Amino acid sequence: MSSCNEDGRGGTAPAVSSGSPGAEAPRRRVVVLGSTGSIGTQTLDVVSQHADRLEVVGLAVFGRVDELARQAREFGVRHLAVGDARLAGDARCDELAAWCAAEADGSFGVGADAVVGLTQLPEADVVVNALVGEAGMRASYETLAAGKVLALANKESLVVAGDLIMPLAHDLDARRRAAGLGPAFGPAGALMPIDSEHGAIYQCLLGEDAREVSRLWVTASGGPFRGRTRDELTAITPAQALAHPTWNMGAKISIDSSTLMNKGLEVIEAHHLFAMPYDKIEVVVQPQSAIHSMVEFADGSVKAHLGTTDMRIPIQFALSYPERWGAPVQPMDFRTLGTLEFAAPDEDTFRCLALARHAGAVGGTLPCAMNAANEVAVAAFLAEECGYLGIAACVEAVMDAHERAGVQRVESLDQLEDVDAWSRAEARRWVERGRA
Ligand code: MG
(Lines give C-alpha, C1' and ligand atoms only; values in the text may rest on other atoms or scores of the structure.)
Protein backbone atom coordinates (compact mmCIF):
# COMPACT_ATOMS: atom_id res chain seq x y z
CA MET A 1 0.00 0.00 0.00
CA SER A 2 1.51 3.28 -1.05
CA SER A 3 1.68 6.05 1.51
CA CYS A 4 -0.93 8.71 0.91
CA ASN A 5 0.30 11.14 3.50
CA GLU A 6 2.60 13.15 1.33
CA ASP A 7 0.41 13.15 -1.79
CA GLY A 8 -1.13 16.50 -2.55
CA ARG A 9 0.41 18.08 0.52
CA GLY A 10 3.96 18.87 -0.41
CA GLY A 11 4.81 21.88 -2.56
CA THR A 12 2.12 24.26 -3.69
CA ALA A 13 -1.50 23.62 -2.75
CA PRO A 14 -3.61 22.27 -5.61
CA ALA A 15 -6.06 24.57 -7.32
CA VAL A 16 -9.51 24.89 -5.77
CA SER A 17 -12.17 23.33 -8.00
CA SER A 18 -14.92 25.85 -8.58
CA GLY A 19 -17.95 23.57 -8.51
CA SER A 20 -20.12 26.67 -8.23
CA PRO A 21 -22.16 27.37 -11.33
CA GLY A 22 -23.77 30.76 -11.74
CA ALA A 23 -26.32 31.42 -14.49
CA GLU A 24 -23.82 30.87 -17.33
CA ALA A 25 -21.44 28.62 -15.42
CA PRO A 26 -20.43 25.21 -16.72
CA ARG A 27 -21.95 22.09 -15.30
CA ARG A 28 -20.47 20.64 -12.12
CA ARG A 29 -18.40 17.62 -13.07
CA VAL A 30 -18.98 14.67 -10.80
CA VAL A 31 -17.06 11.46 -10.11
CA VAL A 32 -19.19 8.73 -8.51
CA LEU A 33 -17.30 6.08 -6.53
CA GLY A 34 -19.61 3.14 -5.83
CA SER A 35 -21.95 4.03 -8.69
CA THR A 36 -23.98 0.80 -8.70
CA GLY A 37 -24.86 0.86 -4.99
CA SER A 38 -27.90 2.47 -3.42
CA ILE A 39 -26.36 5.95 -3.05
CA GLY A 40 -24.57 5.68 -6.41
CA THR A 41 -27.69 4.92 -8.44
CA GLN A 42 -29.67 7.62 -6.64
CA THR A 43 -26.84 10.07 -7.35
CA LEU A 44 -27.08 9.22 -11.06
CA ASP A 45 -30.84 9.79 -10.87
CA VAL A 46 -30.23 13.27 -9.44
CA VAL A 47 -27.73 13.93 -12.24
CA SER A 48 -30.33 12.85 -14.82
CA GLN A 49 -32.88 15.22 -13.32
CA HIS A 50 -30.42 18.14 -13.39
CA ALA A 51 -28.49 17.34 -16.55
CA ASP A 52 -28.19 21.09 -17.23
CA ARG A 53 -26.17 21.57 -14.04
CA LEU A 54 -24.42 18.25 -13.47
CA GLU A 55 -22.25 15.99 -15.60
CA VAL A 56 -20.71 12.62 -14.69
CA VAL A 57 -17.02 12.36 -15.64
CA GLY A 58 -15.92 9.26 -13.73
CA LEU A 59 -17.51 6.06 -12.41
CA ALA A 60 -16.14 3.34 -10.13
CA VAL A 61 -17.65 0.07 -8.95
CA PHE A 62 -16.32 -2.89 -7.00
CA GLY A 63 -17.41 -5.80 -9.17
CA ARG A 64 -20.62 -5.08 -11.09
CA VAL A 65 -18.96 -4.65 -14.48
CA ASP A 66 -22.10 -5.12 -16.60
CA GLU A 67 -23.95 -2.44 -14.71
CA LEU A 68 -20.93 -0.13 -14.96
CA ALA A 69 -20.88 -0.63 -18.73
CA ARG A 70 -24.54 0.32 -18.96
CA GLN A 71 -24.00 3.47 -16.83
CA ALA A 72 -20.89 4.45 -18.83
CA ARG A 73 -22.85 4.34 -22.09
CA GLU A 74 -25.94 6.07 -20.68
CA PHE A 75 -23.92 8.98 -19.23
CA GLY A 76 -21.13 8.97 -21.83
CA VAL A 77 -18.38 8.45 -19.24
CA ARG A 78 -14.85 7.51 -20.37
CA HIS A 79 -13.05 7.39 -17.01
CA LEU A 80 -13.90 4.09 -15.33
CA ALA A 81 -12.50 1.91 -12.55
CA VAL A 82 -13.31 -1.56 -11.23
CA GLY A 83 -12.18 -2.14 -7.63
CA ASP A 84 -12.03 -5.94 -7.58
CA ALA A 85 -8.45 -6.77 -8.66
CA ARG A 86 -9.52 -10.36 -9.51
CA LEU A 87 -11.36 -8.95 -12.53
CA ALA A 88 -8.16 -7.82 -14.28
CA GLY A 89 -8.12 -9.44 -17.72
CA ASP A 90 -11.87 -10.20 -17.63
CA ALA A 91 -13.31 -9.94 -21.18
CA ARG A 92 -15.95 -7.41 -20.09
CA CYS A 93 -13.20 -5.26 -18.55
CA ASP A 94 -11.23 -5.40 -21.81
CA GLU A 95 -14.33 -4.23 -23.62
CA LEU A 96 -14.73 -1.31 -21.20
CA ALA A 97 -11.04 -0.43 -21.55
CA ALA A 98 -11.58 -0.19 -25.34
CA TRP A 99 -14.65 2.02 -24.79
CA CYS A 100 -12.57 4.38 -22.63
CA ALA A 101 -9.62 4.34 -25.06
CA ALA A 102 -11.92 5.51 -27.86
CA GLU A 103 -11.62 8.98 -26.34
CA ALA A 104 -8.14 10.52 -26.41
CA ASP A 105 -7.92 11.14 -22.64
CA GLY A 106 -10.11 8.23 -21.52
CA SER A 107 -8.90 5.93 -18.75
CA PHE A 108 -9.74 2.52 -17.37
CA GLY A 109 -8.22 0.69 -14.41
CA VAL A 110 -8.77 -2.35 -12.22
CA GLY A 111 -7.91 -2.48 -8.51
CA ALA A 112 -8.22 -0.24 -5.44
CA ASP A 113 -5.62 2.25 -6.69
CA ALA A 114 -7.56 2.75 -9.93
CA VAL A 115 -10.69 3.60 -7.91
CA VAL A 116 -8.82 6.13 -5.75
CA GLY A 117 -7.11 7.43 -8.89
CA LEU A 118 -10.42 8.78 -10.21
CA THR A 119 -10.38 11.38 -7.41
CA GLN A 120 -7.40 12.98 -9.20
CA LEU A 121 -9.14 13.60 -12.55
CA PRO A 122 -8.24 17.20 -13.46
CA GLU A 123 -11.75 17.89 -14.81
CA ALA A 124 -13.59 16.67 -11.69
CA ASP A 125 -15.15 19.27 -9.36
CA VAL A 126 -16.93 16.93 -6.95
CA VAL A 127 -16.28 13.35 -5.85
CA VAL A 128 -19.27 11.42 -4.49
CA ASN A 129 -17.71 8.80 -2.23
CA ALA A 130 -20.29 6.04 -1.84
CA LEU A 131 -17.77 3.24 -1.36
CA VAL A 132 -18.71 0.76 1.34
CA GLY A 133 -16.45 0.30 4.33
CA GLU A 134 -12.86 1.19 5.11
CA ALA A 135 -11.96 1.17 1.38
CA GLY A 136 -13.49 4.63 1.04
CA MET A 137 -11.17 6.28 3.55
CA ARG A 138 -8.21 6.78 1.20
CA ALA A 139 -10.51 8.10 -1.55
CA SER A 140 -11.87 10.74 0.83
CA TYR A 141 -8.39 11.80 1.86
CA GLU A 142 -7.11 12.07 -1.71
CA THR A 143 -10.20 13.97 -2.89
CA LEU A 144 -9.74 16.78 -0.36
CA ALA A 145 -5.95 16.75 -0.77
CA ALA A 146 -6.52 17.36 -4.50
CA GLY A 147 -8.68 20.42 -3.71
CA LYS A 148 -11.96 18.85 -4.83
CA VAL A 149 -15.32 18.89 -3.08
CA LEU A 150 -16.01 15.66 -1.21
CA ALA A 151 -19.66 14.58 -1.14
CA LEU A 152 -19.34 11.93 1.50
CA ALA A 153 -21.58 8.90 1.93
CA ASN A 154 -18.78 6.64 3.18
CA LYS A 155 -19.20 6.64 6.97
CA GLU A 156 -15.85 5.07 7.78
CA SER A 157 -13.90 8.03 6.37
CA LEU A 158 -14.75 10.25 9.32
CA VAL A 159 -15.29 7.52 11.91
CA VAL A 160 -11.85 6.04 11.30
CA ALA A 161 -9.84 8.93 9.86
CA GLY A 162 -11.72 12.06 10.98
CA ASP A 163 -8.56 13.28 12.73
CA LEU A 164 -6.74 13.26 9.36
CA ILE A 165 -9.59 14.27 7.02
CA MET A 166 -11.13 17.21 8.87
CA PRO A 167 -7.94 19.34 8.81
CA LEU A 168 -7.89 18.88 5.00
CA ALA A 169 -11.57 19.91 4.80
CA HIS A 170 -10.98 23.01 6.96
CA ASP A 171 -8.02 23.99 4.81
CA LEU A 172 -10.03 23.58 1.60
CA ASP A 173 -12.97 25.48 3.12
CA ALA A 174 -10.63 28.40 3.87
CA ARG A 175 -9.30 28.38 0.32
CA ARG A 176 -12.83 28.14 -1.13
CA ARG A 177 -13.93 31.08 1.02
CA ALA A 178 -10.92 33.11 -0.13
CA ALA A 179 -11.89 32.29 -3.73
CA GLY A 180 -15.44 33.55 -3.12
CA LEU A 181 -16.95 30.05 -3.34
CA GLY A 182 -18.68 29.90 0.03
CA PRO A 183 -20.48 32.06 2.60
CA ALA A 184 -18.43 34.45 4.78
CA PHE A 185 -18.61 32.12 7.79
CA GLY A 186 -19.55 28.52 8.46
CA PRO A 187 -18.59 25.68 6.16
CA ALA A 188 -17.74 26.62 2.58
CA GLY A 189 -18.81 23.31 1.11
CA ALA A 190 -15.51 21.42 0.94
CA LEU A 191 -17.04 18.40 2.68
CA MET A 192 -20.73 17.84 2.04
CA PRO A 193 -22.27 15.00 4.05
CA ILE A 194 -24.56 12.62 2.14
CA ASP A 195 -26.50 11.29 5.05
CA SER A 196 -29.93 12.44 6.07
CA GLU A 197 -28.83 13.26 9.64
CA HIS A 198 -25.66 15.18 8.86
CA GLY A 199 -27.21 16.89 5.86
CA ALA A 200 -29.99 18.00 8.21
CA ILE A 201 -27.60 19.33 10.86
CA TYR A 202 -25.52 21.04 8.18
CA GLN A 203 -28.63 22.88 6.97
CA CYS A 204 -29.80 23.76 10.52
CA LEU A 205 -26.37 25.31 11.18
CA LEU A 206 -26.38 27.54 8.08
CA GLY A 207 -26.26 31.19 9.14
CA GLU A 208 -25.68 30.25 12.78
CA ASP A 209 -22.71 30.86 15.08
CA ALA A 210 -21.29 27.47 16.13
CA ARG A 211 -20.49 28.88 19.59
CA GLU A 212 -24.22 29.30 20.23
CA VAL A 213 -25.04 25.64 19.62
CA SER A 214 -25.89 23.82 22.85
CA ARG A 215 -26.78 20.36 21.47
CA LEU A 216 -27.09 18.33 18.32
CA TRP A 217 -30.08 15.95 18.29
CA VAL A 218 -29.33 13.08 15.91
CA THR A 219 -32.54 11.24 15.09
CA ALA A 220 -32.78 7.46 14.72
CA SER A 221 -35.62 5.38 13.32
CA GLY A 222 -34.86 2.78 16.00
CA GLY A 223 -34.57 0.10 13.32
CA PRO A 224 -36.85 -2.89 12.72
CA PHE A 225 -36.36 -4.31 16.25
CA ARG A 226 -37.25 -1.23 18.28
CA GLY A 227 -38.96 -2.21 21.53
CA ARG A 228 -37.63 -5.78 21.58
CA THR A 229 -35.72 -7.36 24.46
CA ARG A 230 -32.32 -9.03 24.18
CA ASP A 231 -34.00 -12.45 24.49
CA GLU A 232 -36.19 -11.63 21.51
CA LEU A 233 -33.13 -10.73 19.44
CA THR A 234 -31.18 -13.99 19.83
CA ALA A 235 -32.84 -15.78 16.89
CA ILE A 236 -33.03 -12.84 14.46
CA THR A 237 -32.19 -13.88 10.87
CA PRO A 238 -30.38 -11.80 8.20
CA ALA A 239 -33.63 -11.44 6.22
CA GLN A 240 -35.42 -9.94 9.24
CA ALA A 241 -32.54 -7.54 9.95
CA LEU A 242 -32.40 -6.42 6.31
CA ALA A 243 -36.01 -5.18 6.33
CA HIS A 244 -35.69 -1.55 7.40
CA PRO A 245 -38.97 0.20 8.30
CA THR A 246 -38.39 3.62 6.70
CA TRP A 247 -35.21 3.78 4.60
CA ASN A 248 -34.31 1.69 1.58
CA MET A 249 -30.56 1.02 1.82
CA GLY A 250 -27.70 -1.39 1.13
CA ALA A 251 -27.16 -4.58 3.21
CA LYS A 252 -24.29 -3.43 5.47
CA ILE A 253 -26.00 -0.18 6.49
CA SER A 254 -29.35 -1.93 6.95
CA ILE A 255 -27.80 -4.32 9.48
CA ASP A 256 -25.97 -1.41 11.14
CA SER A 257 -29.30 0.43 11.40
CA SER A 258 -30.92 -2.54 13.09
CA THR A 259 -28.12 -2.82 15.70
CA LEU A 260 -27.92 1.00 16.16
CA MET A 261 -24.22 0.79 15.19
CA ASN A 262 -25.20 3.04 12.29
CA LYS A 263 -26.34 5.67 14.78
CA GLY A 264 -23.15 5.21 16.75
CA LEU A 265 -21.06 5.77 13.62
CA GLU A 266 -23.16 8.87 12.89
CA VAL A 267 -22.51 10.28 16.37
CA ILE A 268 -18.75 9.95 15.77
CA GLU A 269 -19.14 11.52 12.32
CA ALA A 270 -21.12 14.43 13.79
CA HIS A 271 -18.37 14.97 16.36
CA HIS A 272 -15.82 15.38 13.58
CA LEU A 273 -17.97 17.21 11.02
CA PHE A 274 -19.34 19.83 13.38
CA ALA A 275 -16.47 19.96 15.92
CA MET A 276 -18.94 19.09 18.68
CA PRO A 277 -17.96 17.37 21.96
CA TYR A 278 -19.71 14.04 22.60
CA ASP A 279 -21.64 15.33 25.63
CA LYS A 280 -23.40 17.76 23.28
CA ILE A 281 -24.53 15.06 20.84
CA GLU A 282 -27.78 13.31 21.77
CA VAL A 283 -29.55 10.50 19.98
CA VAL A 284 -33.36 10.43 19.94
CA VAL A 285 -35.55 7.76 18.37
CA GLN A 286 -38.02 9.28 15.89
CA PRO A 287 -39.67 6.22 14.33
CA GLN A 288 -41.31 8.01 11.39
CA SER A 289 -37.89 9.35 10.21
CA ALA A 290 -39.64 12.58 9.21
CA ILE A 291 -37.30 14.70 11.32
CA HIS A 292 -33.82 14.05 9.96
CA SER A 293 -32.03 15.75 12.88
CA MET A 294 -32.17 18.89 15.01
CA VAL A 295 -29.91 21.58 16.45
CA GLU A 296 -30.56 23.19 19.82
CA PHE A 297 -29.19 26.67 20.55
CA ALA A 298 -28.12 28.50 23.71
CA ASP A 299 -31.51 30.22 24.07
CA GLY A 300 -33.39 26.90 23.98
CA SER A 301 -34.57 27.32 20.40
CA VAL A 302 -34.46 24.17 18.29
CA LYS A 303 -34.22 24.00 14.50
CA ALA A 304 -35.32 20.74 12.87
CA HIS A 305 -34.91 19.54 9.31
CA LEU A 306 -37.85 17.63 7.85
CA GLY A 307 -38.45 16.07 4.50
CA THR A 308 -39.46 13.01 2.54
CA THR A 309 -37.44 9.93 3.55
CA ASP A 310 -35.56 9.72 0.27
CA MET A 311 -31.78 9.95 -0.02
CA ARG A 312 -32.02 11.91 -3.26
CA ILE A 313 -32.79 15.02 -1.18
CA PRO A 314 -29.50 15.01 0.83
CA ILE A 315 -27.61 13.82 -2.27
CA GLN A 316 -28.91 16.74 -4.31
CA PHE A 317 -28.19 19.26 -1.53
CA ALA A 318 -24.60 18.00 -1.37
CA LEU A 319 -24.27 18.60 -5.12
CA SER A 320 -26.17 21.90 -5.34
CA TYR A 321 -24.81 23.70 -2.25
CA PRO A 322 -24.82 26.68 -1.75
CA GLU A 323 -27.77 26.72 -4.18
CA ARG A 324 -31.07 24.85 -3.96
CA TRP A 325 -32.52 23.25 -7.06
CA GLY A 326 -35.96 21.77 -7.89
CA ALA A 327 -37.00 18.88 -5.62
CA PRO A 328 -35.86 15.44 -6.88
CA VAL A 329 -38.82 13.73 -5.16
CA GLN A 330 -42.35 14.60 -4.05
CA PRO A 331 -42.05 16.94 -1.02
CA MET A 332 -43.61 15.94 2.28
CA ASP A 333 -47.34 16.56 2.77
CA PHE A 334 -47.84 17.52 6.44
CA ARG A 335 -51.58 16.94 6.17
CA THR A 336 -50.95 13.22 5.75
CA LEU A 337 -47.89 12.90 8.01
CA GLY A 338 -49.90 11.99 11.14
CA THR A 339 -48.07 11.56 14.43
CA LEU A 340 -44.46 12.30 15.31
CA GLU A 341 -43.14 10.13 18.15
CA PHE A 342 -39.93 10.50 20.16
CA ALA A 343 -38.19 8.13 22.57
CA ALA A 344 -34.81 7.57 24.19
CA PRO A 345 -32.72 4.83 22.50
CA ASP A 346 -32.38 1.52 24.38
CA GLU A 347 -28.59 1.29 24.69
CA ASP A 348 -28.74 -1.75 26.99
CA THR A 349 -30.44 -3.89 24.35
CA PHE A 350 -28.71 -2.27 21.37
CA ARG A 351 -25.17 -2.33 22.75
CA CYS A 352 -23.53 -1.07 19.56
CA LEU A 353 -24.63 2.52 20.18
CA ALA A 354 -23.02 2.54 23.64
CA LEU A 355 -19.88 0.87 22.24
CA ALA A 356 -19.57 3.49 19.50
CA ARG A 357 -20.04 6.34 21.99
CA HIS A 358 -17.27 4.81 24.12
CA ALA A 359 -15.01 4.43 21.08
CA GLY A 360 -15.63 8.04 20.08
CA ALA A 361 -14.99 9.38 23.59
CA VAL A 362 -11.69 7.46 23.90
CA GLY A 363 -10.83 8.47 20.32
CA GLY A 364 -7.48 7.73 18.67
CA THR A 365 -7.41 4.36 16.93
CA LEU A 366 -10.29 2.84 18.94
CA PRO A 367 -13.03 3.85 16.44
CA CYS A 368 -10.89 2.25 13.70
CA ALA A 369 -10.68 -1.02 15.63
CA MET A 370 -14.40 -0.89 16.38
CA ASN A 371 -15.37 -0.22 12.77
CA ALA A 372 -13.23 -3.03 11.35
CA ALA A 373 -14.58 -5.52 13.90
CA ASN A 374 -18.12 -4.44 13.05
CA GLU A 375 -17.57 -4.97 9.31
CA VAL A 376 -16.32 -8.51 9.97
CA ALA A 377 -19.10 -9.27 12.46
CA VAL A 378 -21.85 -8.00 10.13
CA ALA A 379 -20.44 -10.06 7.24
CA ALA A 380 -20.31 -13.12 9.53
CA PHE A 381 -23.92 -12.55 10.60
CA LEU A 382 -25.05 -12.21 6.97
CA ALA A 383 -23.18 -15.45 6.17
CA GLU A 384 -24.92 -17.07 9.18
CA GLU A 385 -21.57 -17.67 10.88
CA CYS A 386 -22.64 -15.86 14.04
CA GLY A 387 -25.88 -14.85 15.71
CA TYR A 388 -27.41 -11.39 15.74
CA LEU A 389 -26.25 -10.54 19.28
CA GLY A 390 -22.83 -11.83 18.27
CA ILE A 391 -22.28 -8.63 16.28
CA ALA A 392 -22.09 -6.44 19.39
CA ALA A 393 -20.27 -9.14 21.37
CA CYS A 394 -17.59 -9.43 18.68
CA VAL A 395 -17.15 -5.66 18.44
CA GLU A 396 -16.86 -5.35 22.21
CA ALA A 397 -14.30 -8.18 22.46
CA VAL A 398 -12.08 -6.60 19.79
CA MET A 399 -12.38 -3.13 21.36
CA ASP A 400 -11.39 -4.56 24.76
CA ALA A 401 -8.37 -6.25 23.17
CA HIS A 402 -7.34 -3.03 21.43
CA GLU A 403 -7.66 -1.00 24.64
CA ARG A 404 -5.54 -3.59 26.48
CA ALA A 405 -2.92 -3.44 23.70
CA GLY A 406 -2.96 0.38 23.82
CA VAL A 407 -5.03 2.88 21.82
CA GLN A 408 -2.81 5.12 19.69
CA ARG A 409 -3.09 8.69 18.52
CA VAL A 410 -4.12 8.80 14.82
CA GLU A 411 -1.09 9.76 12.74
CA SER A 412 -1.41 8.32 9.24
CA LEU A 413 -3.58 6.30 6.89
CA ASP A 414 -0.93 3.55 6.90
CA GLN A 415 -1.20 3.29 10.68
CA LEU A 416 -5.00 3.10 10.44
CA GLU A 417 -4.73 0.38 7.81
CA ASP A 418 -2.50 -1.61 10.18
CA VAL A 419 -5.00 -1.24 13.04
CA ASP A 420 -7.82 -2.14 10.65
CA ALA A 421 -6.05 -5.33 9.55
CA TRP A 422 -5.23 -6.30 13.15
CA SER A 423 -8.82 -5.72 14.18
CA ARG A 424 -10.25 -7.77 11.31
CA ALA A 425 -7.99 -10.69 12.22
CA GLU A 426 -9.08 -10.46 15.88
CA ALA A 427 -12.73 -10.36 14.83
CA ARG A 428 -12.31 -13.36 12.51
CA ARG A 429 -10.71 -15.32 15.36
CA TRP A 430 -13.67 -14.39 17.60
CA VAL A 431 -16.12 -15.64 14.96
CA GLU A 432 -14.16 -18.87 14.39
CA ARG A 433 -14.01 -19.57 18.15
CA GLY A 434 -17.80 -19.24 18.28
CA ARG A 435 -18.23 -21.78 15.47
CA ALA A 436 -15.74 -24.28 16.90
MG1 MG B 1 -28.18 8.24 8.32
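In this text the structure is predicted, and so the values were computed from the model without any measurement. Both counts, for ligands and for their atoms, begin at 1 and track the order of listing.
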Near-ring test Phe225/Phe350, centroid separation under 6.0 angstrom
no
Over all atoms of both residues, closest heavy-atom pair of Arg228 and Thr349:
O-CG2, 3.5 Å
Quick one: salt bridge (charged side-chain N to carboxylate O under 4.0 Å, His left out) pairs with a partner in residues 364-373, sequence neighbours left out?
none
With no hydrogens and no angle check, do the side chains of Ser301 and Asp299 hold a donor and an acceptor under 3.5 Å apart?
yes
So which protein N/O/S atoms does the Mg ion (ligand 1) have within less than 2.8 Å?
Asp195 OD1, Glu197 OE1, Glu266 OE2
With ring-ring contact (aromatic ring centres under 6.0 Å, His included) as the rule and sequence neighbours excluded, what pairs involving residues 400-419 come up?
His402-Trp422
Would you give me the side-chain donor-acceptor pairs under 3.5 Å for residues 212-220, sequence neighbours excluded?
residue	atom	partner	partner atom	Å
Ser214	OG	Glu296	O	3.2
Ser214	OG	Glu296	OE2	3.3
Ser214	OG	Phe297	O	3.1
Arg215	NE	Glu296	OE1	3.3
Arg215	NE	Glu296	OE2	3.4
Arg215	NH2	Glu296	OE1	3.2
Arg215	NH2	Glu296	OE2	3.4
Trp217	NE1	Glu296	OE1	2.9
Thr219	OG1	Ile291	O	2.8
Thr219	OG1	His292	O	3.0

